[in-house]
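Here the structure is laid out as structure tokens; the discussion comes afterwards.
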Amino acid sequence: MIDIQNLKKHFSDTRENLIKRGFELDEKFWLKAEKKRKKVQVETEQLQEEQNKLAREIGKLQKDKKDISKVKAQASKNSGDLKLKKNELDQIQLELNRFLLTIPNLLNKKVPLGSSEADNKVIKKNGSIRNFSFEIKDHQELGLLSDGMDFEAASKIAKSRFVVFKDSLALLNRALINFMLDIHTREHGYKEIYVPLIVNSESLTGTGQLPKFEEDQFKIDDEEQDLYLIPTAEVPVTNYHRNEILESNKLPISYVCHTPCFRSEAGSYGLDTKGIIRQHQFEKVELVRFTDPEDSDEQLEILTSHAENILSLLKLPFRKVILCSKDIGFSSNLTYDLEVWLPSQNKYREISSCSNFRDFQSRRMKIRIKKNKKNVLCHTLNGSGLAIGRTMAAILENYQNEDGTVSIPDVLKPYMNNKKLL
RNA sequence: GGAGAGGUGGCUGAGUGGUUGAAAGCGCUCCCCUGCUAAGGGAGUAUGUGGUAAUCCUGCAUCGAGGGUUCGAAUCCCUCCCUCUCCGCCA
């Protein structure tokens, strides 16, 4: 949620900023609703004050055995007025809240103006793209060839956009998870955390998936439950500190968490139908940081470098881009995507998304820190470090040999029973 | 799932309808005293939000959550959530 005080003071700046995303702030509604809120809230609180006074007076009169009927009549009438006013206030606050919850985060100055993915700004390239002397296969062919992937079985068990991994690929899946967790905990200083894979709507609202992106979620089909499968570990991990005041001397707090992620992929028909690039269920190792507001710019660089390090260690060619104003996520102020080279597609594909949300999520979640005896909202950041399925696809394709076998990256060998080939 | 107990401020813990936002203790902060990392004395110490540009001033809300009764609810009623104990079931 953006800062209401800031919205009040700098409405047109805010509107201009959001217009870059293609989001139009409804000025008419805002002015009208905010004006009404102020009026009704003041009136309500005045009535409440009056009510409190009358109630206290009755208490005193009763103690002194005096007549209370006159005051009581007045209090009864006032009580009725108050109730009506309160209802009115609740209504307007509900509307305002809904309005505020659907406003995306302000964009950082670094975010390039753009209309699609094509306008993302490349700021770094790493590793060299391999020249193949033979006809290459895509990761799905390689997976099927080694009998390590089974899409038909997966769709029988569940539906399309699921996969079954077997043998060496099941092992590779596990190896990648362990490798990443080890690097982040041992070398990057993250604390490993294990969390529920099912969350309530409050948690999803906290990180920004709700109320706007309900259709992207896998909801538990039970009217009484209000539960969803997590789309990313970001949701449970960031909400871990919801409604808390963190000790500032413990910042930054950083967590690494491996979870499966579930996405409905509504509206992605026809996109990436082949292979394991876009699935309803995939594994991810997620990095989450809670920081002092003054440090978050630097912390995003640090967090992103940790994700980059995994790609470097795996010797996978990648590039780093700044997401443009139309491609960046709802809650994010600034996002770096890391894109890995996929030879079969002859292009770079997203494998990690590292974002600084500044106080957008912490305001929704009320995560604060004590600073100079005052409570201020902390900043939250997260990034994939990395998406496992896409890493697997990248390894298969980039490390493939002419005979259809795949070499194993050196750093993974200890995790793969020291095998050399898949 | 069944039976019972309970959820109060950073912590412990009073409080069963009327200045209780909340006793007391601990902890913490500041000050005083004291020649010595002790003891004592005093003051302060929740969060959110509104009126405000505002640290001052002041209103309102918050005793697990949401409703209800009442002039008035931490206290009474209802629903839900959570914790603990016993039983059942189970990885």
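- Every residue was checked against the side-chain hydrogen bond (donor to acceptor under 3.5 Å, both in side chains) condition with A:D3, not counting sequence neighbours, and none meets it.
- Within 4.0 Å (heavy atoms only), A:A55 reaches at least one base atom of the nucleic acid.
- Considering only the side chain of A:I245, B:U47 comes nearest among B:G51, B:C71, B:U47.
- Contacts of A:K9 with the nucleic acid, taken as non-hydrogen atoms under 4.0 Å apart, are absent.
- When heavy atoms are screened at a 4.0 angstrom cut-off, A:Q74 is found touching no nucleic acid atom at all.
- As a whole-Å value, the separation of A:R368 CZ from B:A46 C1' is 10 Å.
- For A:I68 and B:G72, the CD1 to P distance is 12 Å, given to the nearest whole Å.
- Listed nucleotides: B:A46, B:G18, B:G50. Nearest to the side chain of A:K370: B:A46.
- When distances run from any side-chain atom of A:N375 to the nucleotides B:G72, B:U47, B:U52, the shortest one goes to B:U47.
- Taking the six-membered ring where the residue is Trp, the centroids of A:H280 and A:F218 are separated by under 6.0 Å.
- The nearest whole Å value for the distance from the NZ atom in A:K366 to the P atom in B:U62 is 15 Å.
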Considering only nitrogen or oxygen atoms on both sides, find all protein atoms under 3.5 Å from nucleotides 81-83 of chain B and state each distance.
none

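- Judged purely by distance below 3.5 Å, without hydrogens or angles, the side chains of A:N401 and A:T405 pair a donor atom with an acceptor atom.
- Here the side chain of A:K83 is nearest to one of B:U69, B:G50, B:C71, namely B:U69.
- Taking the six-membered ring where the residue is Trp, A:F99 and A:W30 present parallel rings, their angle staying beneath 30° rather than reaching 60°.
- At the heavy-atom level, A:Q5 lies under 4.0 Å from the strands shown only through sugar-phosphate atoms.
- Checking side-chain atoms of A:D292 against main-chain N and O of A:E294 turns up a donor-acceptor pair under 3.5 Å.
- Relative to the side chain of A:I58, the nucleotides B:G48, B:G50, B:G18 differ in distance, and B:G18 lies closest.
- Rounded to whole Å, atom P of B:A53 lies 14 Å from atom CG of A:D3.
- Distance, A:K8 NZ to B:A54 C1': 14 Å, rounded to whole Å.
- The side chain of A:K60 sits closest to B:U19 out of B:G72, B:U19, B:G50.
- When atom types are taken as modelled, the side chain of A:R289 and the backbone of A:S254 share no donor-acceptor pair closer than 3.5 angstrom.
- A donor atom on one side chain and an acceptor atom on the other are found under 3.5 Å apart for A:T335 and A:S332.
- Distance A:E202 CD to B:C80 P: 18 Å, rounded to the nearest Å.
- In this structure, A:H188 and A:H184 have tilted ring planes: the angle between them lies in the 30° to 60° band.
- Nearer the 5' end of RNA chain B, as judged by each residue's closest nucleotide, is the contact made by A:Q62, out of A:Q51 and A:Q62.
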Polar atoms only, N or O, under 3.5 Å: list the protein pairs with nucleotides 57-60 of chain B and their distances.
| unit_1 | atom_1 | unit_2 | atom_2 | d |
| --- | --- | --- | --- | --- |
| B:G59 | N2 | A:E45 | OE1 | 2.5 |
| B:G59 | N2 | A:E45 | OE2 | 2.9 |
| B:G59 | N3 | A:E45 | OE1 | 3.3 |

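- Judged by a 6.0 Å distance limit and a 45° cone about the ring axis, A:K320 is positioned over the six-membered ring of A:Y336.
- Rounded to the nearest Å, the gap between the P atom of B:G42 and that of B:C33 is 15 Å.
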